[in-house]
Amino acid sequence: MKNIIQPLKGTRDFYPQQMAVRNWLYGKIRKISEAFGYQEYDGPFLESINLYAAKSGEELVKEQSYVFPDHSGDLITLRPELTPTLARMVAQKQAQLTFPLRWWSFGPFWRYERPQKGRSREFFQWNIDIIGIDSPQADAELITIIASFFKEIGLLSQHARVMVNSRKLIDAELAALEISPEKRIGLFKIIDRRSKLSPAEWEAYLLDFGLSASQYKSLISILNNTSLWEKSPELVTVFSTLKAFGVEDYVQFDPNIVRGLDYYTGIVFEGQEIQGEFRRAILGGGRYDNLLADVGGQPLPATGFAMGDMVISLILEKYGCLPVNIGENPAPVFITIFDENSRSTSYSLAMQLRQNGINVTCNLETEKLSKQLKYADRLGARIALIVGPDEQNNHTVTIKELKAGIQQTINQSELLSTIRSILEKPLT
RNA sequence: GUGGAUGUAGCUCAAUGGCAGAGCACUUGACUGUGGAUCAAGGUGUUGCGGGUUCGACCCCCGUCAUCCACCCCA
């Protein structure tokens, strides 16, 4: 045991049970994405470091990306996020694509940071974007997707919601307080941290940052004004669209949401657990209208969001939304090997069933029957088949229903139909 | 990068300076053609690693590694 090489910090082993959860989540993501007409895509996991330079958050690239030289000395980056890749892919084929385009993806990402609850160094992320349309209805569509996703996986609006804001709106409000443009960028980050600090700490932070007492007071009233959105025509459109889609229960205006990444330009939003100990955002996104031009394409408006697999899994676990009985043996039928005489009969029965679409686990050794049945039971098989000397002589097979605790012996020619009818019965 | 907690059997944990234990799990048998239940018998171990203090260390001290939690940042 002590000689086993440790897995890398911040990575996860997906044992069958965890793999099943991951695939379940992937399936839900696919279902919702496709329900809104989005196409799946993916990019390389390795990218040139240049792709990320100055486009994402400074720290995300400089401190938190895995960067290493390849054999030619080029600096390679394990992708820390997908949006720059998406921007490049779109820019490369801009003339051939049909806009607005709706694309989604689910895959692995890497960020070098200290692992903690809901955060690891290797994680999976759902990315979904709509590119080539600047109307707020596009942002509203994405928020509707989030609400639909929450509903689909069993989260109610009292569990999780989407907080929505507009960077443009807040920027204009800050400008009205005569705060300089450079300072406003710094202020976004401080606003983003408000919920993590006590009011007194936060006030000290802001005064230290250089706000006057009156500017601080005005800022507080801006950030506490729950009807501030009425001043933003975009937000007005977003909320009326969300109402039309019937998902307004899941959405809330929150002027404190500004998001950390530098490329967001307008509407921003964040999925949050409502009653909770999870202060971490479930997902985050917003409009990034300049990114396409920044990577060398024609200017194209875009909006989208990303959701990591870890926080959502924690929340699903908390609310008991994770499916039960997944990750079990995919084969409902287990066939025992009684002795050497009947071995080939057992094998050929197994193959017959498989060729007819029934999954079968085959015992490979002639162990004691009790041992084989115990093994079948542990694998979670529903049916065990026995071909002993009696069955061998009479061309029959014994079908034991493990969960029901009953068994019958039938002619081998009736095996397929009998198994099928047993599997059709619901488990009690 | 900063701060805090933890590390004992396969798992969950006890043992506060005096012979390392319990439950679960596991193996075998009761049951030579029948799993789950019950009963009986059985291995569970470099107490993360290295050093120190002590007659004696799982326990105290120093170092180190790992894990978890929080901060930073963010999905």
Side-chain angles (χ1 to χ4, degrees), chain A residues 1-12 25 29 56-65 79-83 105-128 146 189-190 192-193 196-197 201 258-262 264 269-272 277-286 304-315 334 336-339 342 363 366-392 397-409:
Chain A
M1 193 62 189
K2 68 182 244 194
N3 290 328
I4 294 175
I5 294 180
Q6 295 286 324
L8 282 176
K9 188 197 285 290
T11 62
R12 286 171 292 167
L25 191 65
I29 284 167
S56 310
E58 281 280 299
E59 178 156 353
L60 178 55
V61 181
K62 289 193 175 141
E63 311 285 341
Q64 298 199 322
S65 292
R79 62 181 189 184
E81 58 160 339
L82 190 58
T83 306
S105 183
F106 181 78
F109 295 86
W110 294 265
R111 290 183 194 172
Y112 192 83
E113 65 180 332
R114 240 1 213 273
Q116 55 189 294
K117 203 179 189 73
R119 285 292 179 271
S120 64
R121 290 181 173 179
E122 181 178 65
F123 56 96
F124 285 78
Q125 200 179 68
W126 175 25
N127 282 265
I128 182 162
I146 298 168
K189 307 228 169 197
I190 301 175
D192 200 39
R193 295 192 57 202
K196 295 205 168 183
L197 298 174
E201 283 171 325
V258 293
R259 304 297 307 156
L261 293 176
D262 293 338
Y264 290 125
F269 48 89
E270 185 173 303
Q272 290 181 356
E277 70 259 41
F278 297 106
R279 296 196 305 179
R280 222 169 258 296
I282 300 171
L283 54 87
F305 70 86
M307 181 190 79
D309 68 315
M310 297 192 69
V311 174
I312 191 71
S313 297
L314 288 171
I315 289 168
F334 183 94
T336 58
I337 306 293
F338 193 89
D339 57 21
S342 60
N363 208 70
T366 55
E367 297 160 301
K368 275 171 62 175
L369 194 58
S370 65
K371 224 176 158 183
Q372 296 190 46
L373 289 171
K374 189 171 189 173
Y375 180 59
D377 188 49
R378 291 213 177 165
L379 290 183
R382 187 165 170 188
I383 294 166
L385 301 181
I386 302 164
V387 183
D390 298 343
E391 291 87 349
Q392 177 83 336
V397 53
T398 295
I399 301 178
K400 184 175 176 69
E401 293 178 58
L402 291 167
K403 293 188 172 132
I406 52 177
Q407 72 177 51
Q408 55 182 315
T409 299

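Every chain is numbered from 1 and lettered A, B, ... according to where its sequence line falls, protein lines coming before strand lines.
Annotation: of the two residues near RNA chain B, Phe338(A) and Asp192(A), the 5′-most nearest-nucleotide partner is Phe338(A). Each of Lys374(A) and Ala281(A) was assigned the nucleotide of RNA chain B with the nearest heavy atom; the assignment lying further toward the 5' end belongs to Lys374(A).
No contact: Ile312(A) has no heavy atom under 4.0 Å from any strand. If you check every strand for non-hydrogen atoms under 4.0 Å, Asn127(A) touches nothing. Residue Gln372(A) is classed as having no contact, given no heavy-atom separation below 4.0 Å to the nucleic acid. Within the nucleic acid shown, Glu270(A) has no heavy atom closer than 4.0 Å to any nucleic acid atom. Using a 4.0 Å heavy-atom distance criterion, Ala376(A) is classed as making no nucleic acid contact. Here Lys371(A) lies in heavy-atom contact (under 4.0 Å) with sugar-phosphate atoms only. Using a 4.0 Å heavy-atom cutoff across all strands shown, Ser342(A) reaches no nucleic acid atom at all. Among the protein residues, Leu283(A) comes within range of the sugar-phosphate backbone only, with heavy atoms under 4.0 Å from sugar or phosphate atoms but none that close to a base.
Between the P atom of C68(B) and the CG atom of Leu314(A) lies a distance of 12 Å, rounded to the nearest Å. As rounded to whole Å, 10 Å separates atom P of C74(B) from atom CZ of Arg119(A). In this structure, CD of Glu201(A) is placed 10 Å from P of C72(B), rounded to the nearest angstrom. Going from atom CZ of Arg114(A) over to atom C1' of C69(B) covers 10 Å, rounded to whole Å. Separating the CG atom of Asp339(A) from the P atom of U32(B) is a distance of 16 Å, rounded to the nearest angstrom. Gln116(A) has its CD atom 12 Å from the P atom of C73(B), to the nearest Å. For the pair Arg280(A) CZ and C74(B) C1', the interatomic distance rounds to 7 Å; values are reported in whole Å. Taking atom OH of Tyr375(A) as the reference point, atom C1' of G35(B) lies 14 Å away to the nearest angstrom.
A 4.5 Å side-chain heavy-atom check between Gln64(A) and Pro80(A) finds every atom pair outside the cut-off. The shortest side-chain heavy-atom distance between Leu385(A) and Ile399(A) falls under the 4.5 Å cut-off.
With distances taken from any side-chain atom of Arg378(A) to the nucleotides A25(B), G33(B), C73(B), the minimum falls on A25(B). Proximity note for Ser370(A) (side chain, C-beta onward) versus C69(B), G35(B), C73(B): the nearest is G35(B). Closest contact between the side chain of Leu402(A) and the listed nucleotides G35(B), G33(B), A70(B) involves G35(B). With G33(B), G29(B), G35(B) as the choices, the nucleotide that has an atom nearest any side-chain atom of Leu369(A) turns out to be G33(B).
Between U53(B) and A15(B), the two C1' atoms lie 22 Å apart (nearest whole Å). Nucleotides C58(B) and G42(B) have their P atoms positioned 27 Å apart, rounded to a whole Å. The separation of G23(B) from G43(B), taken at their P atoms, amounts to 14 Å, rounded to a whole angstrom. The C1' atoms of A20(B) and G35(B) are separated by 36 Å, rounded to the nearest whole Å. Across the P atoms, G7(B) and G56(B) are found 25 Å apart, a figure rounded to whole Å. Rounded to a whole angstrom, the distance from the P atom of C13(B) to that of A9(B) is 11 Å. Here, C60(B) and G3(B) have their P atoms 22 Å apart, quoted to the whole Å. Separation of the P atoms belonging to U44(B) and U34(B) is 32 Å when rounded to the nearest angstrom.
Evaluation of the side-chain hydrogen bond (donor to acceptor under 3.5 Å, both in side chains) rule for Thr398(A) yields Glu391(A), Thr409(A) as partners, not counting sequence neighbours.
With values rounded to the nearest 0.5 angstrom, Ile312(A) atom CD1 is found 7.0 Å from Leu283(A) atom CG. With rounding to the nearest 0.5 angstrom, the CZ atom of Arg378(A) is 13.0 Å from the CG atom of Leu402(A). Atoms CG and CG, on Leu25(A) and Asp309(A) in that order, are 7.0 Å from each other to the nearest 0.5 Å. Distance check: Arg111(A) CZ to Arg121(A) CZ gives 13.5 Å after rounding to the nearest 0.5 Å. Between the CD1 atom of Ile29(A) and the CZ atom of Phe106(A) there is a distance of 4.5 Å, given to the nearest 0.5 Å. With rounding to the nearest 0.5 Å, the separation of CD in Glu122(A) from CE in Met310(A) is 10.5 Å.
Gln116(A) and Arg280(A) form a side-chain donor-acceptor contact under 3.5 Å, judged by distance and modelled atom types alone.
Helical stems in RNA chain B, defined as runs of 3 or more consecutive Watson-Crick or G-U wobble pairs with both donor-acceptor distances under 3.5 Å, are listed by first residue as B:1-7 with B:65-71, B:10-13 with B:21-24, B:26-30 with B:38-42, B:48-52 with B:60-64.
With hydrogens and angles ignored, a donor-acceptor pair closer than 3.5 Å exists between the side chain of Glu391(A) and the base of G33(B). Residue side chain Arg111(A) does not reach the base of C73(B) through any donor-acceptor N/O pair under 3.5 Å, judged by distance alone.
Close to U67(B), at under 4.0 Å from its OP1 or OP2, lies a side-chain N or O of Lys9(A). Distances shown here put a side-chain N or O of Arg193(A) below 4.0 Å from the OP1 or OP2 atom of C73(B).
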